[in-house]
Amino acid sequence: MPEKLTPLLSKNISRRTFLSRVGGFIANHWLLSTLPLGSAGVLGWAEHDTMALKREQWDLFYPNLPAALEGKTICQLSDLHLESLRISPERIDQVVMAQKPDLLVITGDIISTRTDLNKLTPFLGRLTATYGKYVVMGNNDYSNLSHTLFKRYLQQLRNLGWIPLLNDASFLAQLNLWVIGVDDPATAHDDVELAYQKVFSSSPPPTPPFRLVLAHSTDCLDDVAKNGAELLLTGHTHGGQIRLPGLQPLITNTYLGDYGIYEGYHVINDVPLYINRGIGESVIPLRFNVPPEVAFFTLHLGEAPPKHHS
C-alpha cells in the first residue's frame, strides 16, 4: 500500500422512480437498507446534494514553479455522465467561466450512451480557457460505442476545441507545462510509459517543466510516480456518491479507495494527487452527502502547504 503522506481533505425525480432505480443496489448493500430512503426528508436531502454544484478552490505551492505558471488557474471537471445529468449546461458554464480559468481539463466519463453524443455541444461547447482544453477518457466513455462511433466522439470533442490525450502528451511552451494524458486505467487502456514518451524524447528546456498528469482513475498512480508528476488529477470515485453520515462510502471502485483515499487532495509516493468527486452520477441518479464539484487549482511559487477555499 502506498504511504499517504499529506492527507487534506433541475429536474425533479419522483420517489417511485428513485426507489425503482435504487432497488438492486440497496439489496446488495445492507447499510443502505437502514436508511428510510422512501421518506420525503431523505429524498429531499439527496435531491439537494445531487444538484448543489460546489466550487472547490485550491492554492498549490511549488518551490520550482516555472515563472510563467505563477497565478495560473487550472479548472478540472470530471464524471459528467451526461446520460443522467440534471445540472444544466448553463449552471456548469456559470461556475466554470466565473473563474476565468487558464486551462480546462476533463478527467473522463463524459458520456455512456450513443445518444449522449448529441449532448456534447450544449455542455462543452461554450467553455473556454486561455491556454487550451484537454480531456482523457474514462471507462464509461468506452462503453456502448463502436470503434466508428468512438472516432466520431473524439472528432466531436476536437470540433468543440477539446484536445483528447489518449496515452499522449502536449507541451505548452508559453507556460513551460506538459499536459500528460493517461488513457482509462479502469478498462486497462492506460499506458503510462507511452503517455510520457514525448516528455522524455524532447529536448529539456533550461527550467524543468511542470508535469500535469490527467487520468480517470488513480489506479495508474504507481507508474505515474515512477515517471514523476507535479500534479495528478483524477476522478472515477464520485467521492463514493452515497455516503452515510459518519461512515465511509460503500463503493469507490479504486485500489486507493479501498484504503479510504477516494476524494480530495493527497500526496502519495511524492505525487500531489487530487481525486475529484465529479458532477454526475452512475447507477443511481442521486448523490447523498457527496455534492458534485468543479475544482480549481491556482499555482504559486513557494513552499507553503496547499490552501483550500470552498
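What you see is a predicted model, and the numbers here were worked out from it, not measured in a lab. Basis for what follows: all heavy atoms, side chains included, without hydrogens, waters or symmetry-related copies.
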If we count only N and O atoms by modelled type, under 3.5 Å, do the side chains of N140 and S112 hold a donor and an acceptor together? yes
Let me know which of V182, D183, V213 forms a side-chain contact (heavy atoms from CB on, under 4.5 Å) with C220. V182
Shortest non-hydrogen contact from V267 toward P272: CG2-CA, 4.1 Å
Taking the side chain from N289 and the backbone from L244, do they hold a donor-acceptor pair closer than 3.5 Å? no
Heavy-atom closest contact (T252 atom, D258 atom, distance): OG1-N, 3.9 Å
Is the closest basic N to carboxylate O distance between R86 and E281 below 4.0 Å? no
L117 with I92, same ILVMFWY side-chain cluster at under 4.5 Å: yes
Strictly distance-based, threshold 3.5 Å: is any side-chain N or O of Q76 a donor or acceptor partner for the main-chain N or O of T234? yes
With no hydrogens and no angle check, just 3.5 Å: does a side-chain donor-acceptor pair link H308 and E56? yes
Quick check: is V192 connected to F200 through a chain of hydrophobic side chains (ILVMFWY, heavy atoms under 4.5 Å apart)? yes
Would you find a donor on one side and an acceptor on the other, under 3.5 Å apart, between the side chain of T237 and the backbone of Y262? yes
So do F123 and L85 actually touch side chain to side chain, heavy atoms under 4.5 Å? yes
Any idea how H189 and Y142 line up, ring-wise: parallel (<30°), tilted (30 to 60°), or perpendicular (>60°)? parallel
Below 4.5 Å, heavy atoms only, C-beta onward: do F297 and L233 meet side chain to side chain? yes
Is any side-chain heavy atom of S170 closer than 4.5 Å to a side-chain heavy atom of L172? yes
Is it the case that the side chain of D109 and the backbone of H236 share a donor-acceptor pair, with hydrogens and angles ignored and the cut-off at 3.5 Å? no
Ring pair (Phe, Tyr, Trp, His ring centres under 6.0 Å) for Y265 and W58? Distances and angles first, verdict last. CA-CA 9 Å; Y265 183 90; W58 293 83; 5.5 Å; yes
Would you confirm whether T218, through its side chain, and L221, through its main-chain N or O, come within 3.5 Å as a donor-acceptor pair? no
Would you say V224 and Y259 are hydrophobically clustered, going by side-chain heavy atoms of ILVMFWY under 4.5 Å? yes
For a quick test of reading the model, state the closest non-hydrogen atom pair linking N176 to P208 and the distance between them. ND2-O, 3.7 Å
Test of ring centre spacing under 6.0 Å for W178 and F210: no
Would you confirm whether D184, through its side chain, and A186, through its main-chain N or O, come within 3.5 Å as a donor-acceptor pair? yes
Answer yes or no: does atom CZ of R114 have more than 12 heavy-atom neighbours from other residues, nucleotides or ligands under 6.0 Å? no
Has the side chain of D116 got a donor or acceptor atom that lies under 3.5 Å from a matching backbone atom of T113? yes
Less than 3.5 Å apart, any donor N or O on the side chain of H300 or E70 sitting next to an acceptor on the other? yes
If every non-hydrogen atom of G239 is compared with every non-hydrogen atom of E263, which pair is closest and at what distance? CA-CB, 4.2 Å
Using modelled atom types and a 3.5 Å cut-off, is there a donor and acceptor pairing between side-chain atoms of E83 and backbone atoms of I111? no
Report yes or no: does N269 contribute a side-chain atom to a donor-acceptor pair with the main-chain N or O of V271 at less than 3.5 Å? no
Would you mind reporting whether L177 and L212 have side-chain heavy atoms less than 4.5 Å apart? yes
Smallest heavy-atom separation, T50 atom then I87 atom, equals O-CD1, 3.7 Å
Hphob cluster co-occupancy, Y255 + I275, side-chain heavy atoms under 4.5 angstrom: yes
Single-linkage hydrophobic cluster F61~F296, side-chain heavy atoms < 4.5 angstrom: no
Test salt bridge (charged side-chain N to carboxylate O under 4.0 Å, His left out) on R277 and E293; report intermediate values, then the result. CA-CA 6 Å; R277 296 190 303 271; E293 72 164 297; 3.7 Å; yes
Polar side-chain atom of Q94 near backbone of P89 as donor-acceptor pair, under 3.5 Å: no
Identify the heavy atoms of P249 and G240 that sit nearest to each other, and give their distance. CB-CA, 3.5 Å
